[in-house]
There are 2 protein chains.
Amino acid sequence: MNTNYEAYEQPGVTVDLAIFTVNKNKLKVMLVKRAEAPFLDFWSLPGGFLMHRESLEDAAYRVLTEKTGVKDVYMEQLYTFGAPERDPRARVITVAYFALIPWENLNQPESNKIKDLTWYSVDQHPKLAFDHKEILKYAVKRLRAKASYSNIVYGLMPEHFRLSELQTMYEIIINDKLDKRNFRKRMLATGLLQETGEKDLTGAHRPAMLYQFKKMEITFSN
Amino acid sequence: MNTNYEAYEQPGVTVDLAIFTVNKNKLKVMLVKRAEAPFLDFWSLPGGFLMHRESLEDAAYRVLTEKTGVKDVYMEQLYTFGAPERDPRARVITVAYFALIPWENLNQPESNKIKDLTWYSVDQHPKLAFDHKEILKYAVKRLRAKASYSNIVYGLMPEHFRLSELQTMYEIIINDKLDKRNFRKRMLATGLLQETGEKDLTGAHRPAMLYQFKKMEITFSN
DNA sequence: TATACTAAGTGTACAATGAACACTAACTAC
DNA sequence: GTAGTTAGTGTTCATTGTACACTTAGTATA
């Protein structure tokens with residue numbers, strides 16, 4: 001590695017986040033409204049500059065916590081975008097992360113629907129600043145891919161849930177219908193689920209057993 | 001995204017490459033000897049600072065071509081490493097790439113065994129500068145994983161090859177033995193291989209059909 | 001209080017895929 | 001011409017994935 005530190009004026013380094021949740025049967029992503037140029041008043045993914053003594057992951061986590069108030073969420077590095085003209089004012093490269101948050105864990109998210117932060121359906125969002133459309137597209141692709149071979153979807157579920165809710169979550173992410181019996185067989189066979197003993201008595205129908213995840217990492221995360 | 005460009009002194013941005021090849025039945029990675037501090041005389045992955053009007057991928061490709069003289073190789077972004085203390089002198093974040101080159105495509109690689117560039121077996125290499133040990137480990141992990149669900153191994157094969165050579169290549173990468181008949185069935189079933197019509201007559205045994213890849217992209221690359 | 005409505009919960013048969021396994025063919029060397 | 005070496009080829013069995021329909025347990029309401 002060349003260590004001639006003075007050779008080039010160094011680019012800016014930011015992190016940007018695709019923070020996903022699911023609400024009303026739609027996969028949604030957090031967008032914030034820009035308050036300054038460039039792209040004034042455009043929507044963008046939340047992000048920020050990397051601080052001095054901060055790792056990339058810490059920076060991403062900082063932005064995440066600032067915007068959501070939530071800790072202890074699933075997050076992973078997505079990709080680093082560095083096209084020379086991606087920011088019209090200066091050379092800026094951005095390390096993109098994606099994160100998953102259960103809708104239930106967001107603090108009164110409806111009250112956040114003030115003008116500068118909101119949740120948009122991923123397939124129906126406004127024009128985005130910078131190359132954020134591309135970043136979002138890549139994040140959705142990664143999420144959909146991982147949903148089919150890992151248990152990443154767990155990151156979107158509340159503490160306790162019915163199996164039918166879990167199935168619906170999978171269906172929303174992979175955008176396809178699943179067979180109920182096969183789904184249940186497969187999920188229970190993983191050994192990652194645990195009956196809570198409680199039942200969900202809402203609705204005019206047979207009550208459902210509530211499940212939770214056994215405490216462990218999300219598998220196959222890399 | 002915060003665009004207060006003047007807020008922080010910006011870190012340096014480099015690219016580093018894990019360039020793999022296979023020779024003498026060993027997976028090898030290119031290492032270069034550092035000619036300056038820090039880590040003077042340590043071995044490291046080849047890399048360099050990002051230039052002004054250059055995309056990250058162009059920078060990686062530039063380093064790759066400088067070091068190998070080879071174009072038209074498989075390369076993908078691996079991960080971005082940004083721990084605050086990874087470079088003892090200044091804040092530097094690095095975007096790591098990995099690349100695959102068939103040994104046959106390297107120009108007289110033996111003559112490169114001058115003191116500052118060589119190929120080391122990935123499981124038997126000297127102490128590396130910076131966090132390059134971690135980067136290399138991550139790259140090997142990614143390569144091994146992808147070998148089992150994609151045709152990424154193609155990137156290591158010469159133009160024409162015997163099926164037994166392809167099998168050996170897989171075995172080296174995944175570090176396990178494969179069944180000959182099942183392997184051939186599976187490979188031919190992909191439809192990605194084409195007989196060249198030529199036979200390899202070397203050796204005191206039945207000659208082998210030579211194959212080539214149909215001209216197309218490596219699939220499942222992301 | 002009986003009937004309609006709704007989502008929960010359950011098993012089996014068939015197809016597709018993956019894994020194990022051994023002999024014959026075609027050449028060279030001696 | 002005999003020994004040595006790698007190329008090339010199918011079948012059986014186990015495992016996994018897929019398709020598919022009825023009964024159960026509650027609520028709502030007539």
Side-chain angles (χ1 to χ4, degrees), chain A residues 22 24-25 144-151 153 157-158 160-213 219-220, chain B residues 22 24-25 144-151 153 157-158 160-213 219-220:
Chain A
V22 168
K24 302 205 178 104
N25 284 351
R144 297 217 145 113
K146 279 192 127 162
S148 52
Y149 66 86
S150 81
N151 58 346
V153 168
M157 299 300 292
H160 293 177
F161 50 86
R162 295 173 286 144
L163 284 183
S164 63
E165 291 174 313
L166 183 59
Q167 180 175 346
T168 301
M169 191 62 80
Y170 269 91
E171 291 175 336
I172 291 163
I173 304 304
I174 66 176
N175 206 14
D176 202 4
K177 284 283 169 197
L178 295 170
D179 177 87
K180 181 164 69 162
R181 278 175 291 189
N182 294 337
F183 177 81
R184 288 168 166 251
K185 241 179 300 175
R186 197 151 32 86
M187 287 297 132
L188 295 172
T190 63
L192 300 174
L193 292 177
Q194 210 164 34
E195 293 191 358
T196 63
E198 295 164 55
K199 298 207 168 193
D200 178 352
L201 291 159
T202 60
H205 51 79
R206 178 171 175 174
M209 173 62 70
L210 287 173
Y211 287 81
Q212 63 191 349
F213 298 116
T219 53
F220 306 120
Chain B
V22 168
K24 301 203 178 105
N25 285 350
R144 297 218 144 113
K146 280 192 125 160
S148 51
Y149 66 86
S150 80
N151 57 346
V153 168
M157 299 301 292
H160 293 177
F161 50 86
R162 295 174 287 143
L163 283 183
S164 63
E165 292 174 312
L166 183 60
Q167 180 175 345
T168 300
M169 190 61 81
Y170 269 91
E171 290 175 337
I172 292 164
I173 303 303
I174 66 176
N175 204 14
D176 202 2
K177 284 281 168 199
L178 295 171
D179 177 87
K180 182 163 69 161
R181 278 175 291 190
N182 292 337
F183 177 80
R184 287 167 167 251
K185 239 180 300 173
R186 198 150 32 86
M187 285 299 132
L188 294 173
T190 62
L192 300 174
L193 292 176
Q194 210 164 33
E195 293 190 357
T196 62
E198 295 163 54
K199 298 208 167 193
D200 178 353
L201 291 160
T202 62
H205 51 80
R206 178 172 174 175
M209 174 61 69
L210 288 173
Y211 287 82
Q212 63 189 350
F213 298 115
T219 53
F220 307 119

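In what follows, every heavy atom counts, from backbone to side chain, and hydrogens, waters and symmetry copies are set aside. Reminder, nothing fancy here: chain letters follow the sequence lines and each chain counts from 1.
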I need the NZ-C1' distance between B:K199 and C:dC27, as an integer number of Å. 10 Å

Quick one: is B:S164 getting a side-chain N or O under 4.0 Å of the D:dT6 phosphate, OP1 or OP2? no

If I take atom CG in residue A:D200 and atom P in nucleotide D:dA25, what distance separates them, rounded to the nearest angstrom? 17 Å

Spacing between A:L188 atom CG and C:dT10 atom P, to the nearest angstrom: 8 Å

Testing the basics here: between B:S164 and B:R184, what is the closest heavy-atom pair and its distance to 0.1 Å? N-NH2, 4.4 Å

Once you apply a heavy-atom cut-off of 4.0 Å, does A:R186 come out as touching a base, just sugar-phosphate, or nothing? nothing

Has the side chain of B:K185 got a donor or acceptor atom sitting under 3.5 Å from an opposite partner on the base of D:dT11? yes

DNA chain D: 5'-proximal contact among A:D179 and A:A204 (nearest heavy atom): A:D179

Separation of atom NZ in B:K180 from atom P in C:dT24, rounded to whole Å: 14 Å

OP1 or OP2 of D:dT6 versus the side-chain N and O atoms of B:R162: is any pair under 4.0 Å? no

Once rounded to the nearest 0.5 Å, what's the spacing between atom OH of A:Y211 and atom CG of A:D200? 13.0 Å

Side chains of B:V22 and B:I173, heavy atoms from C-beta outward: is any pair under 4.5 Å? yes

Grab the CG-P distance between B:L201 and C:dA25 for me, whole Å please. 19 Å

Provide, to the nearest angstrom, the distance between the OH atom belonging to B:Y149 and the C1' atom belonging to C:dT17. 20 Å

Could you label the plane-to-plane angle of the B:F161 and B:F213 rings as parallel, tilted or perpendicular, counting under 30° as parallel and over 60° as perpendicular? tilted

Starting at atom CG of A:L210, determine the distance to atom P of C:dA8, rounded to an integer number of angstrom. 11 Å

Between atom CZ in B:F183 and atom P in D:dG10, what is the gap in whole Å? 18 Å

For B:H205 and B:M209, take the nucleotide of DNA chain D holding the closest heavy atom to each; which residue's nucleotide lies nearer the 5' end? B:H205

Has B:R181 got a side-chain N or O lying under 4.0 Å from the OP1 or OP2 atom of D:dG10? no

Can you name the nearest heavy-atom pair linking B:N25 to B:I172, along with the distance? CA-CD1, 3.5 Å

What I want to check is whether an N or O donor and acceptor connect the side chain of B:R206 with the base of D:dT6 at under 3.5 Å. no

Which nucleotide in the set D:dT18, C:dA19, D:dT6 lies at the smallest distance from any side-chain heavy atom of B:N182? C:dA19

Base D:dT18 to side chain A:K177, donor-acceptor N/O within 3.5 Å cut-off: no

